J.: 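A single structure is presented below for examination.
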Amino acid sequence: MCIDALMDVLQIFREEADRLIKEMGIDHRVDNAKEGFGDFTLPCFSLAKKYHKSPAEIAKELESKIEKTSYFERIEAVGPYLNFHISKTKLAELSLNEILSGNIFNFEKKEKVILEHTSANPTGPLHVGRARNPIIGDTMARILREYGYDVEVQYFVNDAGLQVATLIWGLKNLNYDDVKEAKCDHAYVKYYQEASKLSEMREDVRNEIRAIMQAYESGDPNLKKFIREKIGCVLEGILQSLRRLNIYVDTVVWESDLIPFSKKVAEELSQYVDEDNGAYYIDMEKMGVKIQKNRFYLYRSDGTTLYFLRDIAYHLNKSKIARYLIDVLGEDHKLHFEALKAIVGLLNPNVTIRPLFYAFVSLPEGKMSTRRGRAIYLDDLLDEGYRRAMEILKDRDYPENEARKIAEKIAISSIRYSILNVQEEKPIVFRWDQALSFEGESAPFIIYTFARANSILKKASWNGSYFPELITHPQEYKLLKLMAMYPSVLTESAEKLSPYLLARYAYSLAMQFNQFYRDCPVIMAEDNLKESRLAIVNAFKILMERVIVLLGLEPLEKM
RNA sequence: GGGCGCGUGGCCUAGCCAGGAUAUGGCGGCAGCCUCCUAAGCUGCAGGUCGCGGGUUCGAAUCCCGCCGCGCCCGCCA
């Protein structure tokens, strides 16, 4: 049978169940049943009124009336429910065939999408609070690619803002000989922190910072060269940390390059713009947009542009290359985004802009802040993860360089997974032990399970055959059923912009495999049963590896 | 004050959008399992007024209303 990849195998059985019900003249669709009550169920409560019978009687009656088909091994009334039990043989056949043929991974090709993530101010190293953005963003990009989109990942460098000007002032006016960090993001952050402190206290410093901003916007060539060099170096430090986490950016867009275009955009919007003491703002009410705040400023009174205007220009530019734009943003950007979306939508009605908001990672003592020096840096978290993984590997007999490689992969995977496994809109309070957990709901649990499957396949080679009628164990069935859900999980994750859904699925898959592993011996099974179980393990390996890579984790054949 | 989001055992968390049968798992705690495919695994035990109060419904963790608590926002910052 040929199956549309967008529809998972379970859907075939569901439609069959719906058809059987419809044939009995009942206009209802089946629900998923609870564990232990079959696969689908038809609750009969709502039919009670119409037929003037108890739900249990109705269920019983339907049980006797319903047509027998090969799709279900059993359809039975249990109290007020009519429960459907899928034929294990049929599901095993379809499910294994979909995975082993690779058909399950065939998603239809889709349009281009530009996904923007991170876009952190290049004033210092990425801290863990900010790292939620690239981890979610990168995983989302992987999922959307798998789903068929042509994804371009962009990083928008906020080099034209106040924060960067503050850092530049610090680099020009301060001197710390004791700072010897190799990476610029770490080497310069002290200059940013100290310059921030000084600007809070001294008006002359604030004026000098403003002067830097004005000169940069007006295109002072020496200053531009200086800023690009320094900020470029900080940015490289950030991108290097991201690469260590398997995160890659396709295009870097410098905000300052958009200033001339921003000014044109402001002219286009002039009918909605008002003046306030030499500054200019857009009046949302004039635009017909009802929003919490009415005034969004585009220009300062000194004539320099503001982030809001540059961001509008940036999105308009993006909308020229792709009609679907996705922004990964902290929840503090909600209001900003709402206004931005309304304005860009007015200037270009063809574009779809969707946000992927996430709540912050904070410390028990409060929000992380680079400026105030209250933050845990991503680089330090990675180093600590590596150290802890090495500690565990010490007790096992790995050659030194192999242990190093494995430890690094475990650290990367654990950190990514600890972020991905939490619903995006839930706030996270950072704890070392939770971020670097190696057991339970963690990346090592998932990867270890994958390694177990590999170990079986290394010890017994599969001859390529399988026998659906021998696949009858409940744990075999549960695993195959869960694997068959992959297309709908991926679809939901892509359409709802929620990598977290796939992270949950990865855990369920691993857990289910461990149940199978416990109850269903493979290598010691006989002949055809052994081959059939090897087919399941093989299918699991293929699917699990796919999911691990989609989450940006590192599959290890052995650990 | 207003807007948005979140509130589930000691800690973390699933389910909520599309209301149904014993509320999912993890961490921590206790007790077990390596002559048998890797113990980063598995099994068992203890632990819950699903923030509070109303409402809708045959039925509410789930939907609606009100309240309380926490987070974020309401900048000529980004």
Side-chain angles (χ1 to χ4, degrees), chain A residues 29 31 33-37 41 43-46 48-49 54-55 78-81 83 119-121 123 156 158 160-164 166 210 255 276-281 291-308 310-311 330-336 338 357 359-360 362 366-367 371 389 392-393 396 410 414 421-429 431 433-434 437-449 451-460 496 500 504 507-508 510-511 514-515 517-525 533-534 537 558-559:
Chain A
R29 318 199 67 182
D31 293 339
K34 288 196 77 140
E35 173 88 41
F37 294 96
T41 188
C44 301
F45 303 97
S46 58
K49 256 186 202 156
S54 77
V78 177
Y81 297 89
N83 294 339
S119 300
N121 278 331
T123 50
F156 192 42
N158 309 121
L162 200 56
Q163 280 77 1
V164 160
T166 302
R210 296 215 169 264
E255 212 182 41
D276 167 27
N277 287 320
Y280 292 89
Y281 64 88
I291 190 170
Q292 252 255 308
K293 187 174 77 162
N294 196 38
R295 291 184 176 190
F296 285 83
Y297 281 82
L298 305 179
Y299 282 101
R300 293 186 183 87
S301 48
D302 68 3
T304 54
T305 59
L306 282 153
Y307 165 68
F308 188 65
R310 300 188 298 259
D311 208 23
E331 60 180 347
D332 56 338
H333 277 62
K334 281 186 179 178
L335 189 56
H336 169 92
E338 201 185 334
F357 291 118
F360 289 107
S362 59
K367 197 176 165 180
R371 189 168 47 83
I392 290 175
L393 287 164
R396 306 169 194 209
I410 293 297
S414 300
N421 196 34
V422 180
Q423 229 176 79
E424 289 84 6
E425 60 269 27
K426 290 223 186 194
I428 297 176
V429 177
R431 296 205 167 81
D433 289 337
Q434 191 222 313
S437 165
F438 292 165
E439 40 187 67
E441 283 182 26
S442 68
F445 173 86
I446 293 165
I447 297 166
Y448 173 73
T449 306
R452 271 183 154 179
N454 275 288
S455 172
I456 293 175
L457 293 171
K458 224 173 280 170
K459 287 184 177 162
K496 290 191 173 168
Y500 147 84
R504 294 298 311 169
Y507 179 71
S508 313
M511 199 180 213
N514 281 325
Q515 311 278 317
Y517 184 91
R518 185 191 67 216
D519 295 341
C520 303
V522 178
I523 292 172
M524 291 184 314
R533 286 188 172 164
L534 280 170
V537 176
K558 194 179 142 214
M559 70 182 275

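Quick note on labels: first sequence line is chain A, next is B, and so on, each numbered from 1. All values derive from a computational prediction rather than experimental measurement.
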J.: Quickly work out the A:D332 CG to B:C70 P distance and round it to whole Å.
T.: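 In whole Å, B:C70 P lies 20 Å from A:D332 CG.
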
J.: What is the nucleic acid contact for A:M524, judged by heavy atoms within less than 4.0 Å: base, sugar-phosphate only, or nothing?
T.: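 Sugar-phosphate contact only - A:M524 comes under 4.0 Å of backbone atoms but never of a base.
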
J.: Just call it for A:G79: base, sugar-phosphate, or nothing, with non-hydrogen atoms closer than 4.0 Å on any strand.
T.: nothing

J.: Looking only at heavy atoms, what is the nearest atom pair of A:E425 and A:A359, with distance?
T.: O-CB, 3.5 Å

J.: With a non-hydrogen cut-off below 4.0 angstrom, is A:Y507 in contact with a base, only sugar-phosphate, or nothing?
T.: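 Here A:Y507 touches the backbone only, sparing every base.
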
J.: So, does A:Q423 get its side chain near the phosphate of B:G15, meaning an N or O under 4.0 Å from OP1 or OP2?
T.: yes

J.: Would you call the rings of A:Y299 and A:Y280 parallel, tilted or perpendicular if under 30° counts as parallel and over 60° as perpendicular?
T.: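 Perpendicular, since the angle between the ring planes exceeds 60°.
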
J.: Taking NZ in A:K49 as the centre, count heavy atoms belonging to other residues, nucleotides or ligands within less than 6.0 Å. Is the count above 12?
T.: no

J.: Return the stems involving RNA chain B, sorted by first number, where pairs are Watson-Crick (N1-N3 with N6-O4 or O6-N4) or G-U wobble (N1-O2 and O6-N3), both under 3.5 Å, and runs are 3 or more long.
T.: B:1-7 with B:68-74, B:10-12 with B:25-27, B:29-33 with B:41-45, B:51-55 with B:63-67

J.: Would you say A:R518 reaches B:U43's phosphate, i.e. side-chain N/O to OP1/OP2 under 4.0 Å?
T.: yes

J.: What is the ring orientation for A:Y507 with A:F445, classed by angle as parallel under 30°, tilted 30 to 60°, or perpendicular over 60°?
T.: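 Plane angle between 30° and 60°, so tilted.
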
J.: Within the 4.0 Å heavy-atom criterion, would you say A:A451 contacts the bases, only the backbone, or no part of the nucleic acid?
T.: base

J.: Once you round it to whole Å, what is the distance between P of B:C27 and CG of A:N421?
T.: 12 Å

J.: What's the gap between B:G3 and B:C52 when it is taken at their P atoms, as a whole Å value?
T.: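 Approximately 24 Å lies between the P atom of B:G3 and that of B:C52.
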
J.: Donor-acceptor pair, distance only, cut-off 3.5 Å: does the side chain of A:R300 make one with the backbone of A:T305?
T.: yes

J.: Under 4.0 Å, counting only non-hydrogen atoms across every strand here, what does A:Q292 touch: a base, just sugar-phosphate, or nothing?
T.: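 Base contact.
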
J.: Using the P atoms only, state how far B:U13 lies from B:G71, rounded to an integer number of Å.
T.: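 Result for the P pair: 15 Å, nearest Å.
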
J.: Considering every strand and a 4.0 Å limit on heavy-atom distances, what is the contact class for A:Q163: base, sugar-phosphate, or nothing?
T.: base

J.: Once you round it to whole Å, what is the distance between P of B:G75 and OH of A:Y297?
T.: 9 Å

J.: What integer number of Å spans the C1' atoms of B:G48 and B:U8?
T.: 8 Å

J.: Using a cut-off of strictly less than 4.0 Å, decide whether A:R431 has a side-chain nitrogen or oxygen near OP1 or OP2 of B:C27.
T.: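 The answer is no; no side-chain N or O of A:R431 sits under 4.0 Å from OP1 or OP2.
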
J.: If you compare every side-chain N and O of A:K49 against the phosphate oxygens of B:C58 (OP1, OP2), does one of them come in below 4.0 Å?
T.: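 For B:C58, OP1 or OP2 has a side-chain N or O of A:K49 closer than 4.0 Å.
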
J.: For A:N294, answer base if it contacts any base atom (sugar-phosphate contacts may also be present), sugar-phosphate if it contacts only those atoms, and nothing otherwise; contact means non-hydrogen atoms under 4.0 Å.
T.: nothing

J.: Measuring to OP1 and OP2 of B:G71, would you say a side-chain N or O of A:K426 lies under 4.0 angstrom away?
T.: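 No, no such contact exists.
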
J.: Indicate, with a heavy-atom threshold strictly under 4.0 Å, whether A:T41 touches base, sugar-phosphate, or nothing.
T.: base

J.: NA contact type, A:N277, heavy-atom cut-off 4.0 Å: base, sugar-phosphate, or nothing?
T.: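 Base contact.
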
J.: Take atom P in B:G25 and the same atom in B:C16, then report the distance between them in whole Å.
T.: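 Result for the P pair: 16 Å, nearest Å.
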
J.: Using a 4.0 Å heavy-atom cut-off across all strands, classify A:F156 as base, sugar-phosphate, or nothing.
T.: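 If one applies the 4.0 Å heavy-atom cut-off, A:F156 turns out to touch nothing in the nucleic acid.
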
J.: Could you check whether A:I446 gets within reach of a base, just the sugar-phosphate, or nothing at all, counting any heavy atom under 4.0 Å?
T.: nothing

J.: Does A:Y500 put a side-chain nitrogen or oxygen below 4.0 Å from OP1 or OP2 of B:U13?
T.: no

J.: Distance between the P atoms of B:U35 and B:C30, in whole angstroms?
T.: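 Each nucleotide's P atom is 24 Å from the other's.
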
J.: What distance, rounded to whole Å, do you find between the two P atoms, one in B:A23 and one in B:A46?
T.: 14 Å

J.: Can you tell me how far C1' in B:G19 sits from the matching atom in B:C50, rounded to whole Å?
T.: 15 Å

J.: Could you tell me how far apart A:L335 (CG) and B:G3 (C1') are, to the nearest whole angstrom?
T.: 8 Å

J.: Using the P atoms only, state how far B:G2 lies from B:C42, rounded to an integer number of Å.
T.: 49 Å

J.: Among B:C74, B:C37, B:A23, find the nucleotide with the atom closest to the side chain of A:K34.
T.: B:A23

J.: Just call it for A:D276: base, sugar-phosphate, or nothing, with non-hydrogen atoms closer than 4.0 Å on any strand.
T.: base

J.: Tell whether A:N83 reaches the base of B:A21 with its side chain through a donor-acceptor pair below 3.5 angstrom.
T.: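 Per atom types, the contact qualifies.
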
J.: Return whichever of A:G278 or A:F37 has its heavy-atom-nearest nucleotide of RNA chain B closer to the 5' end.
T.: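 Closer to the 5' end of RNA chain B: A:F37.
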
J.: Nearest-Å distance, CE (A:M511) to C1' (B:U13)?
T.: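 Going from A:M511 (CE) to B:U13 (C1'), I get 12 Å.
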
J.: B:C72 base to A:K367 side chain: any donor-acceptor pair below 3.5 Å?
T.: no

J.: Report yes if a donor N or O on one partner sits less than 3.5 Å from an acceptor N or O on the other, where the partners are the side chain of A:R310 and the base of B:A78; otherwise report no.
T.: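 Donor-acceptor pair under 3.5 Å: no.
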
J.: Does A:Y517 or A:R504 map to a spot on RNA chain B nearer the 5' end, using the closest nucleotide for each?
T.: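 So the residue in question is A:R504.
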
J.: Which one, B:C72, B:G41, B:C76, comes nearest to the side chain of A:A279?
T.: B:C76

J.: For B:A78 and A:R300 - does any side-chain N or O of the residue sit under 4.0 Å from the phosphate oxygens OP1/OP2?
T.: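 The answer is yes; a side-chain N or O of A:R300 sits under 4.0 Å from OP1 or OP2.
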
J.: Tell me if the side-chain of A:S455 makes a donor-acceptor pair with the base of B:C37, cut-off 3.5 Å, by modelled atom types.
T.: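 Under the 3.5 Å cut-off, the side chain and the base do not form any donor-acceptor pair.
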
J.: What is the separation between atom CD1 on A:I410 and atom C1' on B:A40, rounded to the nearest whole Å?
T.: 8 Å

J.: A:F357 has an atom CZ; how far is it from atom C1' of B:C73, in whole Å?
T.: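 Rounded to whole Å, this separation is 11 Å.
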
J.: Is A:C520 touching bases, backbone alone, or none of the nucleic acid, heavy atoms closer than 4.0 Å?
T.: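 Counting heavy atoms under 4.0 Å across all strands, the contact made by A:C520 includes a base.
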
J.: Would you classify A:F445 as touching base, sugar-phosphate or nothing, given that sugar-phosphate means primed atoms plus P, OP1 and OP2, and contacts are heavy atoms under 4.0 Å?
T.: sugar-phosphate

J.: Go through B:U43, B:A39, B:C58 for me and flag the one nearest to the A:F45 side chain.
T.: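 From the listed options, B:C58 comes nearest.
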
